[in-house]
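Here is the structure we will look at, set down as structure tokens.
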Amino acid sequence: MSWISDPNFTEDQPFGPQTLPYGVVDGGVAVRVGDQALLLKSLALGKCSEYVQGDSLDPLLKAGRPVWSVLRAKLKEIVTATSAPKGAELTGIESAKLPFTVGDYVDFYSSRHHAENVGKMFRPDGDALTPNWTHLPIGYHGRAGTVYVSGTEIVRPNGQKRGSEGPKFGPSERLDIEAEVGFVCGGPQAANVSTSRAAEHVFGVALVNDWSARDIQAWEYQPLGPFLAKSFATSIGAWITPLEAFSVARVPTPPLPNKLHDYLATDQPWGLDITITVELNDTIVARPPFREMSWSFVQQLAHMTVNGATVRPGDLFASGTVSGPEKDERGSFLELSWGGKEPFKLDDGSTRSFLEDGDTVRLTATAPGEGGSVVGLAEVVGTVRSA
């Protein structure tokens, strides 16, 4: 029994004592307990207190793994006690905001199922995968300044699109989602991070929706890759679930057909058994399985820094679209509608290939936890409006 009275603060619920994600609300840094937030600034947390006094997770991200582990252990003791500790204050989660300063943002392309689907659509007479795909985690640098917290409205972007008589300009007509898992970095700045050390530089995990304008992308992406089609908006959950919460959810990644270079080799399983649910206007349209991702986050971070680039506290990198082998496991509308040729149906009888103004997308996710519990990732919600 816990002193926290909340029906959603139990081990069979996503935000029970097994999860304890960090966020920031109007009162400051907090951990989520069910559908409430426990403020940390007035709790007796020993030396850890200095990292949670402000209105950002930035100091905590810089503190590093030893502090993260000690603080999580202390918080588990506090929230599972039968009586409230001195200074305990619970508040609502409605005011949750972007909890850290986003540094660099990198987006990967690590689902083989997604990459093959896109390849079949865009290169029907060629190989579904590019020759490099099974040898390295493909990625690109995104725009940190347009990473928004869940609940932020998404403005339909303008850009150039292919036309019958040359490019035309206007709002995207093929606005899409990408259901992804993001990793928030912390600890000391470092380069050449090995796969065995990568977890020391990852504070926690969050859901990400990397919105995409497919018609703008199709015209602009050659030869240098994504630009305006991606940089307008990336949504992230307001609560960051600590990496330690996923100890039971670790699984091997699917095997690749070739030997990897040594810097990408791993001696531990770092795939994660996370299942995402994609809802469009309250209709569940897909359940992408993150366990199907071919490249793990430790391989992504190793590749990202192998050239001497550094990882710093607040850096964010995302997995790329999560898709599985089945049609109802595809993490983008591009795949679900097969490029618009096969519109999918919603519960209200309407159909979609891509997003219309007023549409609301909601991503949620869970993973298995210790003792049969459920670990949650905070939802990512966004509603589309015209410019």
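Along the sequence shown, the residues carry numbers beginning at 1. On a predicted model such as this, the values are computed, not experimentally measured, just so you know.
- Residues Tyr51 and Pro59 approach most closely at CD2-O, 3.6 Å, considering heavy atoms.
- Other residues, nucleotides and ligands place more than 12 heavy atoms under 6.0 Å from the CG atom of Asp328.
- For the pair Ile236/Leu316, a side-chain contact is recorded, criterion being any heavy-atom separation below 4.5 Å from C-beta on.
- Residue Tyr105 holds its OH atom at 13.5 Å from CZ of Arg143, rounded to the nearest 0.5 Å.
- In the displayed structure, Asp55 atom CG is contacted under 6.0 Å by at most 12 heavy atoms of other residues, nucleotides or ligands.
- Leu272 and Val208 fall into different hydrophobic clusters, where Ile, Leu, Val, Met, Phe, Trp and Tyr side chains are chained together by heavy-atom contacts under 4.5 Å.
- In summary, of the residues considered (Thr19, Asp35, Ile4), a side-chain contact (heavy atoms from CB on, under 4.5 Å) with Phe9 occurs for Ile4 alone.
- Within the model, atoms CZ of Arg352 and CG of Asp176 stand 13.0 Å from one another, a figure rounded to the nearest 0.5 Å.
- Considering only residues two or more places apart in sequence or on other chains, Phe232 meets the ring-ring contact (aromatic ring centres under 6.0 Å, His included) condition with none of them.
- Side-chain contact check for Trp239 versus Ile93: some heavy-atom pair is nearer than 4.5 Å.
- Not one N or O on the side chain of Ser353 forms a donor-acceptor pair closer than 3.5 Å with the backbone of Ser337.
- In terms of heavy-atom proximity, Cys185 sits nearest to Leu61 at O-CD1, 3.9 Å.
- For the pair Met1 and Thr82, the tightest heavy-atom approach, listed with the atom from each and the gap, is O-CG2, 3.8 Å.
- Taking the six-membered ring where the residue is Trp, the centroids of Phe108 and Phe297 are separated by 6.0 Å or more.
- Leu280 places a side-chain heavy atom less than 4.5 Å from the side chain of Leu355.
- Counting only distance, with no hydrogens or angles, the side chain of Ser69 and the backbone of Pro66 share no donor-acceptor pair below 3.5 Å.
- Atom CZ of Arg250 sits in a crowded spot, with more than 12 heavy atoms from other residues, nucleotides or ligands closer than 6.0 Å.
- Linking ILVMFWY side-chain heavy atoms closer than 4.5 Å, directly or via other members, places Leu60 and Val202 in two distinct hydrophobic clusters.
- The closest donor-acceptor contact from the side chain of Asp215 to the backbone of Glu173 lies under 3.5 Å.
- In this structure, Phe100 has its ring center at least 6.0 angstrom away from the ring center of Phe203.
- Put simply, Leu377 and Leu243 are part of the same group of oily side chains (I, L, V, M, F, W, Y) that touch within less than 4.5 Å, one to the next.
- A donor and an acceptor atom, one from each side chain of Gln13 and Thr10, are nowhere located under 3.5 Å apart.
- The CD1 atom of Ile154 sits 12.5 Å away from atom CG of Asp357, with the distance rounded to the nearest 0.5 Å.
- Checking side-chain atoms of Arg362 against main-chain N and O of Glu379 turns up no donor-acceptor pair under 3.5 Å.
- Taking OG of Ser323 as the start and NE2 of His113 as the end, the distance is 8.5 Å to the nearest 0.5 Å.
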Begin with the C-alpha distance, continue with both residues' side-chain angles, and end with the deciding distance and a verdict on side-chain contact (heavy atoms from CB on, under 4.5 Å) for Asp107 and Phe317. CA-CA 6 Å; Asp107 189 34; Phe317 65 96; over 6 Å; no
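- Although no hydrogens or angles enter the test, the distance criterion places no donor-acceptor pair under 3.5 Å between the side chain of Ser296 and the main chain of Pro269.
- Contact annotation: the side chain of Asp282 never approaches that of Asp347 to less than 4.5 Å [non-hydrogen atoms, C-beta and beyond].
- Between the side chain of Arg112 and the backbone N or O of Ser294 there is no donor-acceptor pair closer than 3.5 Å.
- Proximity of Pro157 to Leu175: side-chain heavy atoms (C-beta onward) are separated by under 4.5 Å at one or more points.
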How far apart are the C-alpha atoms of Val278 and Leu336, what are their side-chain angles, what is the distance that settles it, and do they pass the side-chain contact (heavy atoms from CB on, under 4.5 Å) test? CA-CA 11 Å; Val278 180; Leu336 281 172; 5.8 Å; no
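- The main-chain N or O of Ser42 is never found under 3.5 Å from a side-chain atom of Glu89 such that the two would form a donor-acceptor pair.
- A donor-acceptor contact closer than 3.5 angstrom links the side chains of Ser110 and Gln300.
- Residue Ile138 shares its hydrophobic cluster (ILVMFWY side chains chained together at separations under 4.5 Å) with Tyr109, Val118, Met121, Phe122, Leu129, Trp133, Leu136, Leu256, Leu260, Tyr263, Leu264, Trp295, Val306, Leu334, Trp338, Phe354.
- Looking at every heavy atom in both residues, Arg291 comes nearest to Pro254 through O-CD, 3.7 Å.
- More than 12 heavy atoms of other residues, nucleotides or ligands shown are found within 6.0 angstrom of NE2 on His135.
- Every pair passing side-chain hydrogen bond (donor to acceptor under 3.5 Å, both in side chains) that includes a residue from residues 177-203 is listed here, sequence neighbours excluded: Glu178-Ser212, Glu178-Arg214, Glu178-Lys230, Glu178-Thr321, Ser194-Ser196.
- Although no hydrogens or angles enter the test, the distance criterion places no donor-acceptor pair under 3.5 Å between the side chain of Glu370 and the main chain of Gln18.
- At least one side-chain heavy atom of Val67 sits less than 4.5 Å from a side-chain heavy atom of Cys48.
- In this structure, Trp68 and Glu244 approach most closely via the heavy-atom pair O-OE1, 4.1 Å.
- How far CD of Gln36 is from CD of Glu94: 9.5 Å, rounded to the nearest 0.5 Å.
- The salt bridge (charged side-chain N to carboxylate O under 4.0 Å, His left out) check on Asp26 picks up Lys97, with sequence neighbours excluded.
- Under the 4.5 Å side-chain contact rule for hydrophobic residues, Val25 and Val29 do not share a cluster.
- Using a 4.5 Å heavy-atom threshold, the side chains of Gln53 and Glu50 count as separate.
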Taking only distance into account, with no hydrogens and no angle test, what donor-acceptor pairs under 3.5 Å do side-chain atoms of residues 380-387 form with protein atoms, sequence neighbours excluded?
unit_1: Thr383; atom_1: OG1; unit_2: Thr360; atom_2: OG1; d: 2.7
unit_1: Arg385; atom_1: NE; unit_2: Glu153; atom_2: OE1; d: 3.0

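- Within the 4.5 Å cutoff, side-chain heavy atoms of Leu71 are placed close to those of Tyr22.
- Using a distance-only test at 3.5 Å, with no hydrogens or angles considered, a donor-acceptor pair links the side chain of Asp58 to the main chain of Thr101.
- Transitive grouping of hydrophobic side chains (ILVMFWY, heavy atoms separated by less than 4.5 Å) keeps Tyr140 and Met304 in distinct clusters.
- If you take CZ on Arg287 and CD on Glu329, they are separated by 10.5 Å, rounding to the nearest 0.5 Å.
- The environment of Arg65 atom CZ is dense: over 12 non-hydrogen atoms of other residues, nucleotides or ligands sit within 6.0 angstrom.
- Smallest separation of non-hydrogen atoms from Arg156 and Ser172: NH1-O, 2.9 Å.
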Which atom pairs, donor and acceptor, lie under 3.5 Å between side-chain atoms of residues 74-81 and protein residues at least two apart or in another chain?
unit_1: Thr80; atom_1: OG1; unit_2: Lys76; atom_2: O; d: 2.6

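- The local environment of CZ in Phe227 is sparse, with at most 12 non-hydrogen atoms from other residues, nucleotides or ligands closer than 6.0 Å.
- Judged by distance alone, with hydrogens and angles left aside, the side-chain atoms of Lys161 form a donor-acceptor pair with the main-chain N or O of Pro171 at under 3.5 Å.
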